[in-house]
Protein chains: 2
Amino acid sequence: MMGITRYTRILALFDEEHPAWTVADISAALDTSASTLYRLIREMVAADFLESTVESRYRLGPFFVEYYRRLRLTDPLVLSGAKFLRPLLGQIPCPCTTILARLYGKTVMCVAEERANTASFATSYELGRPMPLLRGATSMAVLSTLPKRQIMKLVSEASDAPKDADTLYAEFTGIRKIGISETHGQVDPGLVGIAAPVRSTDLGINASLSVIIEQHNLTTEIRPHIYAALSSTARMIEGFMAELSVPGAHIP
Amino acid sequence: MMGITRYTRILALFDEEHPAWTVADISAALDTSASTLYRLIREMVAADFLESTVESRYRLGPFFVEYYRRLRLTDPLVLSGAKFLRPLLGQIPCPCTTILARLYGKTVMCVAEERANTASFATSYELGRPMPLLRGATSMAVLSTLPKRQIMKLVSEASDAPKDADTLYAEFTGIRKIGISETHGQVDPGLVGIAAPVRSTDLGINASLSVIIEQHNLTTEIRPHIYAALSSTARMIEGFMAELSVPGAHIP
DNA sequence: CTTATTTTATCGTTATTTGATAAAATATTA
DNA sequence: TAATATTTTATCAAATAACGATAAAATAAG
């Protein structure tokens, strides 16, 4: 075993279905000796990546809460975009959720969200949850910001491509042209996602800003409102990111 | 250099004041060769701990958003307590913020929070921000859940102890007795913190549930309401945690 | 108190990390 | 575009740390 993966493959075991692990189970899952694992786990507990709990089990530690905050305070996308999510909520005349999402490996992940008090429905795009690349307006808008070569690569590697690569690429061209992606029930039945691409080639950021509403609320009157609110907010976020990338704005 | 600290001491450099680092600056800060750092950083980028950005700088990566979600979905305190923060908001008849906090090394850290739309004031107890152990109701209530030996150790190691150890310990005894800690302006001027201890000796959890309000809103009429709401909610959270710790409730 | 389980310590072998240096890739400037 | 500077990767021998089997210690369970 080598490098950082010694630690990350242990972390990767901890999820909603497996919140707490014994050393014996980790040993079986990773085919690694208990002696080595006790040493690694002791290190990870000292670093607050893990902590020990009942029944000789270990769970994730509070380190990740601290570094989630550090990311919120340093990441140019979150820094520029999160503050617009609540105002955007106010511009949408029906119960909705607003989402800032970005490319994350071979997935798209929400990195900030706001939910109207009136929104009773649940969305799959939760903060921090990796989602499929090729389904839903949020993902499609993110993909549309990428160079063609990278899109084709991601599409070809995707196991769940709903259409062939060229058809998909035509869709991305359309999204780039009108600046909006709209999909119906591709992620959650009964819900509609409407998203605007957000990008900063300078900072290497490929992201999107989305509004999720219930399908029956999407009338021909409110659609233009939503499109306009998304487009203008996306442009403002890009403006703030551009400011962050001016030389000398960093204080290292 | 050894073990996981090779990586964590790099991560520790990234904060609000230093959002992006060059390899040269990291090399100077950690007194480590650039050749080694390029190798470590490459690993950390591959693991999404870091990502590269403009001007040959690196910043924190989105890994921490994903693992913050995993923690939310697996941590017994967050799992049991976060859902009560919004209902608790509703029980407080003035603008307020509700906070779930826990011991984090030699600090206390908020791991979940809710803010009333009407609350215009800013609180220092942000989600994920390590705070001093001996100031503010939130911290005092957490400390009060610990065994005497551990309290004395933490107090003796604290650099900012406002009072001597025995006086402080008497305060913790008082908090344990009435189940509430109330402090005025110890963290933020003009604000009041009111907190109830939250603990599970089974799960090894030492935490607190707090309400932060503006000092001028704390009347003799609403104080009993707040005390009662906090106490009953804290008890419910402890009840949910107890359910999580019954043998066989885990599915490893 | 006894026994079983979990965790830490020890240690030789094996494999990896380190940092100096060189090479390659990328960005900057003329 | 070419030339130069900067950033990043590759190479390699020496130093170091990780591995896992085993034993010892600490803790939990009966």
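Computation of the quantities below employed the complete heavy-atom set of this structure, encompassing side-chain atoms and omitting hydrogens, waters and symmetry-equivalent molecules. By convention in this document, chain letters (A, B, ...) are assigned in the order of the sequence lines, proteins followed by strands, and residues within each chain are numbered from 1.
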Expressed as a whole number of angstroms, how long is the span from [X]:[atom1] to [N]:[atom2]?
| X | N | atom1 | atom2 | answer |
| --- | --- | --- | --- | --- |
| A:Tyr38 | D:dT27 | OH | P | 14 Å |
| B:Leu30 | C:dG19 | CG | C1' | 15 Å |
| A:Tyr7 | D:dA18 | OH | P | 6 Å |
| A:Tyr58 | C:dT6 | OH | P | 10 Å |
| A:Ile26 | C:dT6 | CD1 | P | 13 Å |
| B:Trp21 | D:dT7 | CH2 | C1' | 18 Å |
| A:Arg57 | D:dA28 | CZ | C1' | 15 Å |
| B:Glu55 | C:dA27 | CD | C1' | 12 Å |

Looking at every heavy atom in both A:Ala101 and A:Val108, which two are closest together, and how far apart are they? CB-CG1, 3.8 Å
Minimum heavy-atom separation for A:Leu203 and A:Pro76, please, with both atom names.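 The pair with the smallest heavy-atom distance is CD1-CB, 3.9 Å.
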Answer whether the closest heavy-atom distance between the side chains of B:Met241 and B:Val198 falls below 4.5 Å. yes
What nucleotide among D:dA17, D:dT7, C:dT7 has an atom nearest to a side-chain atom of B:Met2? D:dA17
What nucleotide, of D:dA10, C:dT7, D:dT8, holds the atom closest to the side chain of A:Ser56?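 The closest nucleotide is C:dT7.
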Using side chain to side chain contact (heavy atoms under 4.5 Å, CB included), reason through B:Leu127 and A:Arg72 one step at a time and then give a plain yes or no. CA-CA 10 Å; B:Leu127 177 65; A:Arg72 289 199 322 267; 3.9 Å; yes
Contact list (N/O, under 3.5 angstrom) for nucleotides 20-23 of chain D vs protein:
{"unit_1": "D:dG20", "atom_1": "OP2", "unit_2": "A:Ser33", "atom_2": "OG", "d": "3.3"}
{"unit_1": "D:dG20", "atom_1": "OP2", "unit_2": "A:Thr36", "atom_2": "OG1", "d": "2.8"}
{"unit_1": "D:dG20", "atom_1": "N7", "unit_2": "A:Ser35", "atom_2": "OG", "d": "2.8"}
{"unit_1": "D:dG20", "atom_1": "N7", "unit_2": "A:Arg39", "atom_2": "NH2", "d": "3.2"}
{"unit_1": "D:dA21", "atom_1": "N6", "unit_2": "A:Ser35", "atom_2": "OG", "d": "3.2"}

Is it true that the side chains of [X] and [Y] contain a donor and an acceptor less than 3.5 Å apart?
| X | Y | value |
| --- | --- | --- |
| B:Tyr125 | B:Ser139 | yes |
| B:Thr36 | B:Ser33 | yes |
| A:Thr32 | A:Arg9 | yes |

Axis bend over the full length of the helix from C:dC1-D:dG30 to C:dA30-D:dT1, computed from five pairs that close each end, to 10 degrees: 60°
According to ring-ring contact (aromatic ring centres under 6.0 Å, His included), who are the partners of A:Tyr67, at least two apart in sequence or on a separate chain?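 Here the qualifying residues are A:Phe63, B:Phe64.
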Is it the case that the side chain of B:Glu43 and the backbone of A:Ile4 share a donor-acceptor pair, with hydrogens and angles ignored and the cut-off at 3.5 Å?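 The answer is yes, because a donor-acceptor pair under 3.5 Å joins these two groups.
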Phosphate-side-chain proximity, A:Arg42 and C:dT7, N/O vs OP1/OP2 below 4.0 Å: no
